[in-house]
Structure formats: structure tokens, C-alpha cells
Amino acid sequence: MSETAMGVVITGAAGDLGRALCASFLASGFTVFAADVNPSPAEGRLVPVKLDVTDTAAVADLAARAARETRLWAWINAAGIFIAGPVVSADIEGWQRIIAVNLTGTFNGCAAALPVLIAAGGGRIVNIGSISGQLGGIGVHPAYGASKAGVHALTKTYALEGGRHGVLCNAVAPGLLEGAMSSGFSENQRAKMANAAPLRRLGRMEEIARVVHFLTDPENSYMNGAIVPVNGGAYMPS
Ligand SMILES: NC(=O)c1ccc[n+]([C@@H]2O[C@H](COP(=O)([O-])OP(=O)(O)OC[C@H]3O[C@@H](n4cnc5c(N)ncnc54)[C@H](O)[C@@H]3O)[C@@H](O)[C@H]2O)c1
């Protein structure tokens with residue numbers, strides 16, 4: 001009998017961080033359900049899934065499918081949107097869109113993942129938060145930081161409930177990273193943010209993916225409900 005492959009669902013899988021995450025889980029032999037509104041093409045054990053994370057029923061369907069086709073072990077909520085611009089002109093449409101994708105989308109993922117991971121005998125959920133959820137941010141729609149603070153709180157609730165069932169839930173809170181999302185800022189703003197970190201540079205996607213990978217590892221058997229800052233030392237909560 002062939003052994004059941006280990007499975008991971010990654011939302012926002014076609015984005016900069018999502019691609020780094022897919023590469024890292026493919027390299028570890030996982031079947032990767034790579035979910036995105038604009039999915040990447042199939043490749044090896046990468047299964048592209050066209051998914052809008054705001055569609056609650058579709059997210060639940062994906063969880064059921066992933067649990068049917070693999071030993072679903074981990075679920076990573078990385079889909080997110082960001083709107084750069086002056087806070088004084090932030091509008092309600094931006095607020096609603098950001099909250100829907102970043103916060104409700106992450107809730108949809110956690111809510112779909114928890115019961116199937118419990119039924120499978122345990123697993124890991126990792127949410128992608130942000131330093132903006134800890135500090136707020138200038139030059140970014142206020143919904144962004146609010147949505148990520150919500151993601152951090154959601155993470156703790158799912159850690160409290162999931163931990164009792166062997167499902168550990170953590171978040172990473174990256175600082176500003178190289179890639180498409182940060183290109184919404186001017187060169188000058190990016191340089192200022194890079195200099196705010198003792199490491200004097202933006203983060204790289206692989207540096208976040210490595211921490212996420214550790215959080216999903218069975219070797220991580222006791223970190224639960226943590227909001228792990230991966231920001232080059234720009235903010236060091238105690
Ligand atoms: N890039 C940064 O500087 C940075 C910093 C902190 C946190 N983050 C967070 O990291 C995560 C990944 O960001 P990234 O830098 O890879 O951005 P990205 O824009 O490169 O990727 C985001 C991906 O999410 C997908 N997406 C958007 N709306 C979706 C929806 N409704 N349903 C499904 N997929 C959807 C997009 O198609 C895209 O592929 C996000 O949650 C982001 O908020 C990024």
C-alpha cells in the first residue's frame with residue numbers, strides 16, 4: 001500500500017511569500033495545495049487551486065479535499081492585500097476589502113482547518129501577521145494594521161482551542177520585505193523602513209518561509225499562540 005503523502009494548504013500561494021513557502025514545502029516532500037485567486041501552474045506535487053479566501057464555503061471545500069487526498073498536516077494563511085497611501089485619505093472601500101481578505105480570509109482558513117486537523121489527529125496552523133499589526137503604520141491604509149492585529153488575536157484563540165487537540169497555531173509578524181507588496185512604498189519610504197531595523201535592510205521571503213516552516217514542523221511541539229517577530233530587530237516585544 002502506498003504511503004499517504006503529507007499535505008499542506010498555502011493561501012496566497014502565488015505571491016512572493018507564497019512562492020517561497022511552496023518551494024520550501026515541495027522540497028520537504030509535501031503535497032502542496034497552492035491556493036490563490038490567480039494560481040500558479042501545476043508542478044510536481046504542487047496542486048494549484050483557484051480560491052478566493054473570502055469565499056467561506058470554497059475554503060471549507062478545500063480543507064475537505066486536502067484531508068481526503070493527503071494526511072493534511074498544516075494550513076498556512078498567507079493571502080493578504082495592502083493599500084499604500086496617505087492615512088488622511090483612507091476610504092471605507094479600502095477598509096472593507098482589506099478586512100475581508102486579510103482578517104475574514106484568515107478566519108475562514110482557521111475555521112476550515114481546525115476541525116479537519118483535529119479529525120486527522122493533529123497538525124499546525126500558521127497565520128501571516130505583520131509588524132503593522134503591532135505598531136500601526138504611516139503611509140498604509142489603517143485597515144492593514146487593524147486586520148493584522150486581528151490576525152494576531154485570532155491566532156491566540158485558535159491556539160487556545162487547537163492546543164487541546166494537538167493543533168498548534170502560531171503567527172509570524174514580518175517587518176517590511178523585499179517584493180511586490182513593498183513596492184507600493186516610495187524608494188525613500190523603503191529606505192527609511194530598512195534603516196529602522198538594526199540589520200539595515202528589508203527582509204527576504206526565504207527568511208520568513210524558514211520560520212513558518214519551523215512553526216509547522218512536528219519538532220515544534222511546544223510553541224503555540226506565539227506571534228513571532230521576524231523583522232531584523234525593528235521591533236522587539238518582550
Ligand atoms: N511583503 C511584505 O513586506 C509583508 C510584510 C508583512 C506581512 N506581509 C504579509 O505576508 C503575506 C504575503 O504577502 P506577499 O508579500 O507575498 O504579497 P503578494 O502581494 O506578493 O502576495 C499576496 C498573494 O495573495 C493573493 N490574494 C490576494 N487576495 C486574495 C484572495 N481574496 N484570495 C486568495 N488569494 C488572494 C494574491 O493573488 C497574491 O498572490 C500577506 O498576508 C502580507 O500581508 C507581507
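Order of appearance sets the numbers: ligands from 1, and atoms from 1 within every ligand.
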Which word best sums up how the rings of H141 and W95 line up, parallel for under 30°, tilted for 30 to 60°, or perpendicular for over 60°?
-> tilted
When clusters are formed from ILVMFWY side-chain contacts under 4.5 Å, directly or step by step, what else is grouped with V88?
-> none
For Y235, what are the other residues in its hydrophobic cluster, where any two members join if their side-chain heavy atoms are less than 4.5 angstrom apart?
->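 Y235 shares its hydrophobic cluster with I131, L135.
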Contacts satisfying ring-ring contact (aromatic ring centres under 6.0 Å, His included) that involve residues 27-67 (not counting sequence neighbours) are F25-F30
Taking the side chain from H213 and the backbone from I208, do they hold a donor-acceptor pair closer than 3.5 Å?
->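 The answer is no, because no donor-acceptor pair under 3.5 Å joins these two groups.
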Atom-level proximity to ligand 1, residues with heavy atom under 4.0 Å |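 Under the 4.0 Å cut-off, ligand 1 touches G12, A14, G15, D16, L17, D36, V37, L51, D52, V53, A78, A79, G80, I81, V101, I128, G129, S130, Y144, K148, P174, G175, L176, L177, M181, M205.
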Does a salt bridge link E93 with R97, judged by any charged N lying under 4.0 Å from a carboxylate O?
-> no
